Every structure is written in C-alpha cells, then in structure tokens.
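Okay, structure first, notes after.
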Amino acid sequence: MKKIVFSGAVAAAALAAGAASAATLDDVRARGELSCGVSTGLAGFSAPDANGVWQGFDVAICRAVAAAVLNDPMAVTFVPTTGQTRFTALSSGEIDLLARNTTWTFSRDVDLRFTFTGVNYYDGQGFMVSRDLGVSSARELDGATICIQTGTTTELNLADYFRSNNMNYEPVPVETNAEGQQQYLAGACDAYTTDVSGLASTRATFADPDSHVILPEVISKEPLGPLVRHGDDEWSDIVMWTLFALVAAEEYGVTSQNIDELARGTDNPEINRLLGLEGELGPMFRLDNEWAQRAIAAGGNYGEIFAANIGEATPIGLARGLNAQWTQGGLLYAMPFR
C-alpha cells in the first residue's frame with residue numbers, strides 16, 4: 001500500500017469537514033428552533049411585517065423546514081444578513097440554513113464549502129432606471145453611474161457586460177438593498193442593478209412604481225436557492241427534500257386546503273409516498289413519515305407560496321416564467337419520492 005501524506009492545508013480541510021459533519025438536526029432539535037439567514041429586507045422575499053413577523057417567499061422555506069423538523073413553522077429565528085455577512089454567518093454556525101436570494105455558483109459551492117440544496121427561483125440580472133431618464137435599453141447606459149450591492153455576483157456580471165459591450169460605467173457601491181434603494185431614489189446613480197426579482201420587489205415599494213422601468217436585457221443566469229454547510233449530508237437532504245416536497249405538491253395538486261383530505265389516502269402512489277402514507281421515507285433521515293405533510297401545510301405548495309408572496313396578483317407582480325412547473329414549460333422539477 002502506498003503511504004499517503006497529507007499536507008497541512010489538506011489536513012486542516014479534513015478537520016473542518018469533520019467538524020461540519022456534526023448533526024445539525026440534533027442541534028436544531030436541542031435548541032427547539034431553526035436559525036435561518038435571510039436578507040435584511042426584500043419585499044415579497046424576506047421582510048418583517050408591521051408586527052415584526054417575517055414573511056416572504058424565502059421565509060417560507062425556513063418555515064417549511066421548521067415544520068418538518070420541529071412540527072412548528074413558527075419555531076424559527078430569522079437572522080438578517082447582507083451580501084457581505086451571509087456566508088460568514090453560515091460557515092460560523094450562527095445560522096443552520098441560508099435562505100435568501102443567493103446565486104448558486106461553482107466557487108460558492110466548492111471553494112466556500114457550501115451545499116446548495118436546490119433552486120427555488122430561477123432569475124437573471126437586470127437594470128432599473130427612472131422613466132424620466134429616457135432609456136429603453138441597457139445598451140444606452142454607457143457612462144452611467146450604477147448602484148450595485150457589494151459581495152454579490154452582480155458586481156462581476158456588471159463588469160463583464162460592460163466590458164463585452166465596450167461601455168464604461170461608474171459603480172456606486174451599496175451594502176444592502178435598502179441602501180441601494182435610497183441612493184437610487186436620491187439620484188446618486190442613474191441605474192440600479194440586481195436580480196430582476198429584486199428590482200421588481202424594490203420598485204413595488206416606491207411611492208410611484210410606474211415612474212421606474214426595468215429594462216428588457218437580462219444579462220446573466222441567477223439560480224437562487226437555499227444553502228447549508230458542507231459535511232452534513234443528512235441536514236442538506238432534509239432541506240433539499242423539503243423544497244422538493246413543496247414543488248412536488250404543486251405538481252400533484254396537493255395544497256394547504258386539501259392536504260388533510262388527501263392524507264387519508266389516495267389512488268396516486270406518488271402522492272401517498274409524498275404524504276407518508278406508503279413506504280418509510282421519513283425515517284431515512286430521522287424524521288417521521290408525516291414530515292412533508294407538515295412542510296406543505298405550513299404555507300402551501302410552491303405555487304401557493306409564489307402566488308401569495310411575489311405572484312402577479314401581488315405588488316411584486318412576477319409571472320411564473322422559468323419558475324413554472326416542467327409540465328407548464330418551466331424549469332421546476334422535483335425528484336421522485338420513492
């Protein structure tokens with residue numbers, strides 16, 4: 001047998017991975033609550049309401065996981081994080097799960113040692129300008145000042161887009177969406193750039209949303225999703241399959257309104273396995289067989305969550321687009337429950 005010699009760096013990485021492999025599920029159960037990292041406030045996605053209760057599309061995944069694991073969707077402590085602080089909060093163990101608009105990239109997955117547990121929103125980067133600016137295309141922004149959040153993929157995307165189109169710009173760095181909104185409305189920048197969903201969310205909070213235009217160009221792929229630390233496969237499986245449960249429930253017509261009836265039994269084996277009526281899926285990651293029932297009941301299936309928080313009937317006004325089910329021409333696709 002060959003003798004294997006570990007370098008200091010490799011040994012350190014191995015130790016770090018070993019430390020991370022401690023069961024997060026046990027920690028969450030012992031604590032009696034889930035610690036979930038969210039944005040500092042993005043309407044429709046994650047923001048406290050008038051009573052201080054966190055609401056939103058990303059918040060819903062936190063509540064679904066808490067329902068699955070703790071039988072209580074309200075057993076969540078929400079930790080606001082910026083583009084700069086979110087990864088430190090996760091790697092340090094301050095939070096168990098990061099559920100905010102975070103793009104799945106190679107370096108974040110591999111180099112930062114995080115595990116993305118799926119995509120809950122397929123997005124892309126865009127630009128918003130005042131209608132008074134008279135701009136109808138991003139190609140007309142040569143020489144513009146542009147507000148951009150630091151510590152995000154949008155910084156690199158912006159540089160790439162302007163360089164490839166032989167254009168110049170002056171960045172106006174901001175740390176949070178609230179700061180970006182303030183600077184943009186104050187006229188400190190000609191345009192604000194972030195994910196199109198974030199632009200729609202920001203515009204919805206303006207006194208006169210119609211005075212601002214989201215330009216048609218989408219300059220990147222931004223698959224957004226929840227993530228956890230490397231090294232605890234059981235916990236990443238729980239978060240991933242909770243998201244899949246919400247997606248699958250929409251595909252199979254399981255809603256927050258009919259789940260109690262369907263939980264008494266159906267003729268569809270996939271629904272029965274999803275709801276724990278057949279098989280022993282829950283015990284495979286140390287949950288009971290009704291974990292998905294609780295996750296779905298917490299806020300509804302994926303479609304219900306989308307419609308209630310960011311859909312076309314809300315001030316955010318987002319169409320499903322790529323986030324439609326695969327059967328409806330979108331990219332949403334839950335893995336089989338079997």
Side-chain angles (χ1 to χ4, degrees), residues 39 42 44-46 56-58 61 81-84 86-87 90 98-129 137-139 141 146-167 169 171 177 180 191-203 213-228 236 239-240 243-244 246-247 302 305-306 309-311 316-335:
S39 73
L42 187 63
F45 285 88
S46 54
F57 181 80
D58 289 328
I61 187 66
T81 63
T82 69
Q84 298 278 24
R86 54 185 163 172
F87 299 131
L90 181 59
L98 182 61
R100 51 159 290 162
N101 49 331
T102 299
T103 302
W104 189 343
T105 70
F106 183 99
S107 59
R108 290 171 175 177
D109 195 338
V110 178
D111 189 44
L112 296 184
R113 301 186 62 76
F114 296 131
T115 297
F116 283 81
T117 58
V119 177
N120 69 337
Y121 194 92
Y122 291 93
D123 210 344
Q125 184 174 335
F127 299 88
M128 179 168 60
V129 298
S137 169
R139 294 292 188 91
L141 292 176
I146 301 180
C147 285
I148 183 168
Q149 290 186 54
T150 57
T152 64
T153 57
T154 56
E155 288 184 290
L156 296 177
N157 295 336
L158 181 64
D160 289 347
Y161 180 76
F162 272 74
R163 184 171 60 248
S164 64
N165 286 285
N166 297 312
M167 301 190 325
Y169 69 98
N177 186 66
Y192 185 27
T193 185
T194 188
D195 299 337
V196 172
S197 64
L199 295 177
S201 172
T202 299
R203 184 175 64 173
V213 179
I214 298 175
L215 300 178
E217 289 83 1
V218 177
I219 68 170
S220 69
K221 294 183 296 183
E222 304 296 327
L224 310 177
L227 60 158
V228 297
S236 65
V239 177
M240 175 174 62
L243 175 57
F244 284 156
L246 303 180
V247 174
Y302 180 93
I305 292 168
F306 191 105
N309 292 286
I310 59 176
I316 313 302
L318 291 171
R320 287 293 292 267
L322 295 177
N323 297 291
Q325 289 279 340
W326 67 284
T327 53
Q328 303 296 319
L331 298 178
L332 281 194
Y333 192 114
M335 305 302 113

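Please read these numbers as outputs of a predicted model, since none were measured by experiment. Only this structure's heavy atoms are used, side chains among them; waters, hydrogens and symmetry mates stay out.
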Check the pair Thr150 / Gln84 against side-chain hydrogen bond (donor to acceptor under 3.5 Å, both in side chains), numbers first and verdict last.
-> CA-CA 7 Å; Thr150 57; Gln84 298 278 24; 3.1 Å; yes
Run the numbers on Phe87 and Thr81 for side-chain contact (heavy atoms from CB on, under 4.5 Å), then give the verdict.
-> CA-CA 9 Å; Phe87 299 131; Thr81 63; over 6 Å; no
Measure across Leu215 and Val129 and return the closest heavy-atom pair with its distance rounded to 0.1 Å.
-> CD2-CG2, 3.9 Å
Polar side-chain atom of Arg86 near backbone of Gly83 as donor-acceptor pair, under 3.5 Å = yes
Can any side-chain N or O of Asp123 pair as donor or acceptor with the backbone N or O of Ser197 at less than 3.5 Å?
-> yes
Side-chain donor-acceptor distances from residues 327-335 under 3.5 Å, at least two apart:
none

Taking all non-hydrogen atoms of both residues into account, name the closest pair between Ala319 and Phe306 and its distance.
-> O-CZ, 3.6 Å
Does any N or O in the side chain of Thr193 come within less than 3.5 Å of the main-chain N or O of Gly126, such that one atom is a donor and the other an acceptor?
-> yes
May I ask you to check whether Ser39 and Asn101 show a side-chain donor-acceptor distance below 3.5 Å?
-> no
Whether Ser46 side chain and Arg100 backbone form a donor-acceptor pair below 3.5 Å | no
Between CD1 of Ile146 and CZ of Phe162, what distance do you get to the nearest 0.5 Å?
-> 3.5 Å
Arg163 and its side-chain hydrogen bond (donor to acceptor under 3.5 Å, both in side chains) partner, picked from Asp160, Asn166, Asn165 | Asp160
Go through Phe127 and Leu158 one step at a time and tell me if the side-chain contact (heavy atoms from CB on, under 4.5 Å) criterion holds.
-> CA-CA 10 Å; Phe127 299 88; Leu158 181 64; 3.5 Å; yes
Give, for atom OH of Tyr161 and atom CG of Leu141, the distance between the pair rounded to the nearest 0.5 Å.
-> 7.5 Å
Please work out which of the three classes, parallel, tilted or perpendicular, describes the rings of Phe57 and Tyr302, given edges at 30° and 60°.
-> perpendicular
Rounded distance [0.5 Å steps], CD1 in Ile316 versus OG1 in Thr202 | 8.5 Å
Shortest non-hydrogen contact from Thr103 to Lys221?
-> CG2-O, 4.3 Å
In chain order, what residues pass the side chain to side chain contact (heavy atoms under 4.5 Å, CB included) check against Thr115, with sequence neighbours excluded?
-> Val228, His230, Ser236
Which heavy atom of Asn309 sits nearest a heavy atom of Ile305, and at what distance?
-> ND2-O, 2.8 Å
Could you tell me whether a side-chain N or O of Gln325 sits under 3.5 Å from a main-chain N or O of Val247, the two making a donor and an acceptor?
-> yes
Value for CZ (Phe116) from CG (Leu224), rounded to nearest 0.5 Å, stands at 9.0 Å
Residue pairs fulfilling salt bridge (charged side-chain N to carboxylate O under 4.0 Å, His left out) with at least one residue in residues 320-329, sequence neighbours excluded | Glu250-Arg320
Compare every heavy atom of Ala99 with every heavy atom of Ile61, then report the nearest pair and how far apart it is.
-> CG2-CB, 3.4 Å
Could you tell me which non-hydrogen atom of Glu217 sits nearest to which non-hydrogen atom of Arg139, and how far apart they are?
-> OE2-N, 4.3 Å
Roughly how far, to the nearest 0.5 Å, is CZ of Phe45 from CD1 of Ile310?
-> 4.0 Å
Taking atom CG of Leu42 and atom CG of Asp195, what is their separation to the nearest 0.5 Å?
-> 9.0 Å
Test applied, side-chain hydrogen bond (donor to acceptor under 3.5 Å, both in side chains); reference residue, Glu222; option that passes from Thr153, Thr105, Thr102, Thr152 = Thr153
